[in-house]
Amino acid sequence: MAAVLERSFIEICGFERETLHRFREVTVNLGLTALPGGAKFPDSAGAFHYEESGKLLSVTSNRFIHWSTSGDTVQLVEQSLDTNLLNNAAKLRFTHCTVLPGGVHIQETLNNVLILISTNQSVHRLVLPHPTRMYRSELVTELHMQSIFTDVGKLSLQDPSHSAIIPNLVGHAGSPSTSTAWLSHQGEAHYALASPDGGIMVVTLPPHDTQGSVSVLELKRSSMMQRLSGWMPTAIRGEHGPADLALSLAVRELEEDSFIFALCQDHKLRMWSFREQACLLEADMLDYMPACKGVKRLSGQGHRLRLAYSSITGLCLCVYLAVPTRGQFTVLQLVPTDNNRYSLEHISSLFTTQDTLVDFALTSTDVWGLWVDDSNTTVVKYISFEHNTAGQWNQVFVQPPPEEEVHIGVDQDPRETYLEVLFSPLRFTSSAIVKALQIYRRGSEKIADVSWESLRKEVTVAVESELQSSVTEFEFSQEEYRQLQVEFWSKFHACCLQYQEALSTPMGLTVSPHTSMVCLLKKGFVSFLLPCFAVDHLYLCYDEYLFSEEETPITDDVEGGRDVLQLVQCLRLVSDAVSGEMAYEMEKALEHLESPERAAELVLENMLSNDSDNVIEDIQNKLQDIRNPMAAMMVLLRELDLETDSEVGEGPITPGQSLNMRISLSQLYGSSSAVSVVCQAVCHMSMTRALFCRDLLILQKLYLRFGDNVFLGGGAQLLQLQQDLIPRCSHLLSSYHLLKHISQSLASSVPVDIIDANLQHLTVLELSDSPALSHSRSVLSPQTVVELFYQTLARKLIISQIYCQQHSSSLLLWPHMVSNVVQLLAQLLWPSNPGFQFPECLMANCQYTQLQEYVRLIGPWCQVNIGSCRFMLGQCYLANGEGQKALQCFQEAATEVEKEEFLMRLTGTEDEEAASTPRLQYFNKVLRLLEDVGLPELVIQLASLAITEATDDFSSQVTVSNQAALWTRIFKHHLDLGHNSEAYEALTQNPDSSMKLDCLRQLVVVLCERSQLQDLVQFPYVNLHDEVVSIIESRARGLDLLAHNYYELLYAFHINRHNYRKAGTVMFEFGMRLGREVRTRLGLQKQVNCYLAALNCLRFIRPEYAWIVQPASGAMYERPGASPKRNSDGEFSSEPVKRQVDILELGDLEKEYILSRSRLTLAQHHPPSASIAGSATAEEMVALLVQTGLFDSALSLCQTFRLNLIPIFEGLAFKCIKLQFGGEDAQNEAWSWLAANQLSSVVNTKESSATDEAWRLLESYLDRYPSCNGQHYRCVINKLLSHGIPLPDWLIKSYKAVDAASLLRLYLNFDLLEAAAELVLEYIDALLGRGHQYFGLERPLSATSSAAWLPYTSIDQLLLALSETQTNISVYNKVRDKLDDYHKAVDKTTRLRLIAR
């Protein structure tokens, strides 16, 4: 419901809590000297309101200029309630001049704003651009705008077009006493100056954009003739009289003429025509004053004159006559008569008290007055000069100065208490604190542009330093120190009070004719008058008014209205009876969440026990006069309750409105001034109503105590009071206490990193597009949290609510608009309303401390948005690092998810699936938030709780998917925390097979990366065995072999389950891949180990089962889920041919092991060979080993694979040959490979060389590895002879015993005829019995021995070769002879054999 307004107003000091205005100072020096004995004029102030300030779609909406004069200085400030104006303050100083009363006049034209200033020696004109010309576009969307004073420093004010010196006319003594100015239609600037001898001098400057000279005109009066129609001048001229001195001047242009109205000290009002230079009218104002005897003899020094024009009433004048015993306002209307003459028609005479009038204003309907009484208190009143009740003035409740006494509780720190008072948003301007600080520090340095927080620190340091410097003793009690603190802080507080009082001195009053906005112009700031709500009016109303009122607008029932007024009178008595100490105790009780009802009872007990003035009896008497107290209370409670069913600003601004309208609305009342005024108005309303509810609650308790003595209805009404009205009043008291608290609670400045983190959290919650985040903070810090809320969110909601209909007026009437804004803002803040925008705004702007306090204060009594508040509190705990508390709050909020709008929006219940499981959606949001903050333990706890919720849900499909997601979350965070067993347990609980497989895969990978293989292998994997194997195999085959140990893991997995064949297969596959892919020494070493492990596995199995299937080569692994492969043309590859399955037995593995060991040996001795050894076959390996000199390994390999040993012997023979002819380097190198081969015996002779050792190695191999037909010898001798190496004796000797015939053939092949001949001779001798044992013959030739033979073919070839050369004739003969001898022996032996037969 709309709040009921009264006729009274309340003052709101809209000072912004910032340092002094940055005035742009301009000095105007025209070369004048100060006048001797120059008059001193009092300081004054005034204001100018733009013509379109009341139009919504104007650049100048809610915009005005106010000024103040002091001596030679004029301070001008342009202010707007819609946008913040930059460079909006200017200070003009006129050297050796004094600004006249009424000496500042501002007028606007289409293109310019002109400021006309009159001093006692000069006149000045400032031509500034009009705001509409500063912004070419009609669409002004900036939050900040440039003021018209931005470029004031660039003006040349000394130029003749801007300034002129007032000519010294003959006969004038002294300087003008008052002035006024106006701008003609032609653009000329006219300055009307009241001469001290009674004349009016008009100085005229030509239009600013044309050349011209200054003209001066003096208006004089000679004599007057009275006519029935009025006063008419004659042509008879005479001299002036001192009584004609003009005290107040005013000008109005009418019908192409300018009329100058002069109120003179002879109490007469004169009207001059500027065009005719004649006095058209003269009227004695004492004619309108009753009982004015004696006044005529007095000069009216305090008389004032004001004009007001409206299209309905025409031109009205208001004359204030100041007389010793009283003051009187006379309102007159200028009425045109015949022959272009005028008369005055009396409308009203208004009487006022004998206070000192500071200023007054006349509107088309009212007279507003500003006084200062004898105690220097500001008094403001207004009255309708046509419609008023017995001349009674309407009240304006001005703000009292800050309290002189500061109550400090026993449990409070004096410093903190005083700082809270000093820096409260309502009490002191920063100017007062800065000036007090400068005096307190007794320093000359200025404090400028100090932030509010810095100023607080400066004050603390200054007072504490003063305290410390005054302490002379080193030790004193805590109580003494507390007393010292109170003493020094109270001293500084008193200093601030003095300066605040000085800055609060009233200097002027202004009423906007366009918006009806009333402002008080004070020395240090501007305050605004807001309409007073009817219920506040009742509590604030002065006693003389309250007791004379007979009705109240809060009820239409006359009797009921009287009851309400009687009840309020009782409340006034209660308020007076509550001592300051008890009021403080009640305040603290509310702060500490104690029961308001119990606190009220304690206050009542105190009142009853200290009732020395019989206040209780007076209250009882008054209560008996109330006909229906229950109804009266219900009327008051209804009016105090801000609860509303509708959501404030439910819909956006109507889309049908024009873009201009929407942009204007987006800025309406958005400036820092408006923010401050609106929010302070809410604060004052909350403070007033909190006291109202307090007193009403005490009175209700008193009613209960009186019982039937004051109740005509008896028990039923008492029951209603106890069960309904008292709880309602208690609830309202708590609500208004909350509003009062948040209205004074300062917002904290937040570091950027916290803002970013908060934005990230809100993004997780999908609240980052909340309207609370749509505006950045622009009000100068510090704001209260309510100001922050109003600026970021509430203002748009409120304006949207006011202008939700397209036919809303675009006229901005201040009383109507501001009362609506204040009421709607209070409703948005009201905790019992369904809207939750305020706490959401605090969260969005990181005001966690203030939000915690808000939730604490509403906790015990507010039953609205309980779950949302718990959620917000959880957010605060989360931001402060108290995760466990946050989790508790989140859990408590879950029960309200389906009931509260904020939580429903949080869960996104517009989605169908989300709507079916809102609590699960809520849990998911919170889980994501906890994950974003990084609190896995809390995620696990909350997810476990959510699983219980999901289990209780009957929607099977949704349940399974939600449970699976929650179990996956639990698994993930257990795994991250290293809780492997719990992670495995969560994995097994997951009902979704796909998610379970994903978790299993992650478990394998993570534990493998952490090297926690023991856990991984020992998990039971019930019903998951094949999946685990498949995952590990897939990882093993898809990743780098050396970087990951999945094959070893799989091996351990199978070993742990005694599946040795699988384990062997895994290690064999690992070894195969190592040989192909990792051709390094490390890879070969791993390969050897793999084959060895595979061998060991198969040896554990019974022989008949000791086999494995040979794994497929690289590209043939069939990985489940692998995408089909394409060829280079982009076509799908054909199906691979099914290959034959190869079975490998133990022997096959042993061969592979030996081969891999040979590769390793080769790589160890010759690292470069590792790259080619990995995939080399046995034959290739033999060649590589021989080449490297690893003959033992080569022999072993040949024996394993049943390969021919000839390459080994040939290789060794070749190495012997190289050593035979090599130098020392070759000898040194040979030792390395010689050492790798085991010799059969050790020779310790010092002369043994590498060559000798090589020959010995060859000799030992020939002995150890015999061959049929001596082919090993043959290949060695062939190799030696082919390189021209003479055969070693041992070799000849050995081979003779094996196959002398082959040796002979070799000699012949290489043309070694002599050696061959010698061999033949020796061989024949052996047959004949001389050394037969050297040729492997058991017995020589004899009749009893076995048959003997000679290689005749070879011998024949030898003989042939010998016979062909002359040099070998002797050898030839020897061989022939020896053969002959042999033949003889054979012949003889043959005969004997035959005989023996």
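Throughout, residue positions are numbered sequentially from 1 according to the sequence presented.
The two atoms that bring Trp814 and Val677 nearest to each other are CH2-CG1, 4.2 Å, heavy atoms only. Pairing each heavy atom of Ile858 with each of Pro831, the nearest pair is CG2-CB, 4.3 Å. Across every non-hydrogen atom of Leu602 and Met582, the tightest pair is O-CE, 3.9 Å. Shown here for Leu788 and Ala747, the closest heavy-atom pair between the two residues is CD2-CB, 4.3 Å. When all heavy atoms of Gln744 and Ser424 are compared, the closest pair comes out as OE1-OG, 3.8 Å. Taking all atoms of both residues into account, the shortest heavy-atom contact from Tyr848 to Cys876 is O-SG, 3.5 Å.
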Please determine whether side-chain hydrogen bond (donor to acceptor under 3.5 Å, both in side chains) holds for the pair His973 and Glu931, giving the CA-CA distance in whole Å, both sets of side-chain angles, and the decisive distance to 0.1 Å.
CA-CA 9 Å; His973 291 291; Glu931 286 173 339; 2.8 Å; yes

For the pair Glu896 and Asn865, evaluate side-chain hydrogen bond (donor to acceptor under 3.5 Å, both in side chains) and give the outcome as yes or no after the intermediate values.
CA-CA 8 Å; Glu896 307 296 320; Asn865 291 316; over 6 Å; no

For the pair Lys972 and Thr968, evaluate side-chain contact (heavy atoms from CB on, under 4.5 Å) and give the outcome as yes or no after the intermediate values.
CA-CA 6 Å; Lys972 173 187 177 299; Thr968 302; 5.5 Å; no

Where do Leu567 and Met633 land on the side-chain contact (heavy atoms from CB on, under 4.5 Å) test, with the steps shown first?
CA-CA 8 Å; Leu567 191 64; Met633 287 184 195; 3.7 Å; yes

Test log, rule side-chain hydrogen bond (donor to acceptor under 3.5 Å, both in side chains), inputs Ser672 and Asn84
CA-CA 6 Å; Ser672 55; Asn84 293 322; 3.0 Å; yes

Determine whether Val603 and Lys701 satisfy the following criterion, side-chain contact (heavy atoms from CB on, under 4.5 Å), listing intermediate values before the conclusion.
CA-CA 10 Å; Val603 174; Lys701 289 292 181 181; over 6 Å; no

Would you please test Leu636 and Phe692 for side-chain contact (heavy atoms from CB on, under 4.5 Å) and show each step?
CA-CA 10 Å; Leu636 286 176; Phe692 200 133; 3.7 Å; yes

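No donor-acceptor pair closer than 3.5 Å links the side chain of Gln412 to the backbone N or O of Thr417. Of the possible donor and acceptor atoms, one in the side chain of Asn833 sits under 3.5 Å from a partner among the backbone N and O of Thr644. Side chain of Ser944 to backbone of Ile940: a donor-acceptor contact under 3.5 angstrom is found. In this structure, the side chain of Asp932 does not engage the main chain of Arg928 through any donor-acceptor pair within 3.5 Å. Side chain of Lys885 to backbone of Gly874: no donor-acceptor contact under 3.5 angstrom is found. Here the side chain of Gln847 pairs a donor or acceptor atom with the backbone of Ser748 at under 3.5 angstrom. When atom types are taken as modelled, the side chain of Asp641 and the backbone of Leu637 share no donor-acceptor pair closer than 3.5 angstrom. Judged by distance alone, with hydrogens and angles left aside, the side-chain atoms of Ser819 form a donor-acceptor pair with the main-chain N or O of His816 at under 3.5 Å. Looking at Glu900, its side chain does come within 3.5 Å of a backbone N or O of Ile866 through a donor-acceptor pair. Not one N or O on the side chain of Glu594 forms a donor-acceptor pair closer than 3.5 Å with the backbone of Ala599.
In this structure, Tyr669 has its ring center at least 6.0 angstrom away from the ring center of Tyr790. The six-membered or imidazole ring of Tyr736 lies near that of Trp830, with a centre-to-centre distance under 6.0 Å.
Under a cut-off of 6.0 angstrom, the local environment of CD in Gln941 is crowded, with over 12 non-hydrogen atoms contributed by other residues, nucleotides or ligands. Heavy-atom neighbours of Glu585 CD from other residues, nucleotides or ligands within 6.0 Å: above the threshold of 12.
Proximity of Leu887 to Leu942: side-chain heavy atoms (C-beta onward) are separated by under 4.5 Å at one or more points. Residues Leu825 and Phe789 meet the side-chain proximity criterion, which asks for heavy atoms closer than 4.5 Å. Contact of the Phe890 side chain with the Leu930 side chain is registered, since non-hydrogen atoms from C-beta on lie closer than 4.5 Å. Considering only heavy atoms from C-beta on, Arg694 comes within 4.5 Å of Ser575 through its side chain. At a threshold of 4.5 Å between non-hydrogen side-chain atoms, the residues His741 and Glu591 count as touching. For the pair Pro751/Ile754, a side-chain contact is recorded, criterion being any heavy-atom separation below 4.5 Å from C-beta on. A 4.5 Å side-chain heavy-atom check between Ile554 and Leu538 finds at least one atom pair inside the cut-off. Residues Leu590 and Pro596 meet the side-chain proximity criterion, which asks for heavy atoms closer than 4.5 Å.
Comment: Glu853 engages Arg856 in a salt bridge, judged by a side-chain N to carboxylate O separation of less than 4.0 angstrom. By the 4.0 Å N-to-carboxylate-O rule, Arg905 lies close enough to Glu840 to be salt-bridged with it. Ion pairing between Arg795 and Glu787 fails under the 4.0 Å rule for side-chain N and carboxylate O.
Rounded to the nearest 0.5 Å, atoms CE (Met872) and SG (Cys889) are 12.5 Å apart. The distance from atom SG of Cys693 to atom CG of Leu699, rounded to the nearest 0.5 Å, is 12.5 Å. Here the OG1 atom belonging to Thr849 is positioned 12.5 Å from the CG atom belonging to Leu746, to the nearest 0.5 angstrom. Note that SG of Cys841 and CZ of Phe836 are 11.5 Å apart. Values are rounded to the nearest 0.5 Å. Here CE of Met817 is found 12.5 Å from CG of Leu530. Values are rounded to the nearest 0.5 Å. Taken from CG in Leu829 to CZ in Phe838, the straight-line distance is 6.0 Å, to the nearest 0.5 Å.
Screening Thr792, Leu828, Leu842 for a side-chain contact (heavy atoms from CB on, under 4.5 Å) involving Gln837 leaves a single residue, Leu828.
Under 3.5 Å, the side chains of Gln888 and Glu892 contain a donor-acceptor pair of N or O atoms. In this model, no donor atom of one side chain and acceptor atom of the other lie less than 3.5 Å apart for Ser745 and Gln850.
A cation-pi geometry, defined here as NZ or CZ lying under 6.0 Å from the six-membered ring centre and within 45° of its normal, holds between Arg689 and Phe533.
Among residues two or more places apart in sequence or in another chain, the side chain to side chain donor-acceptor pair (under 3.5 Å) test is passed with Ser686 by none.
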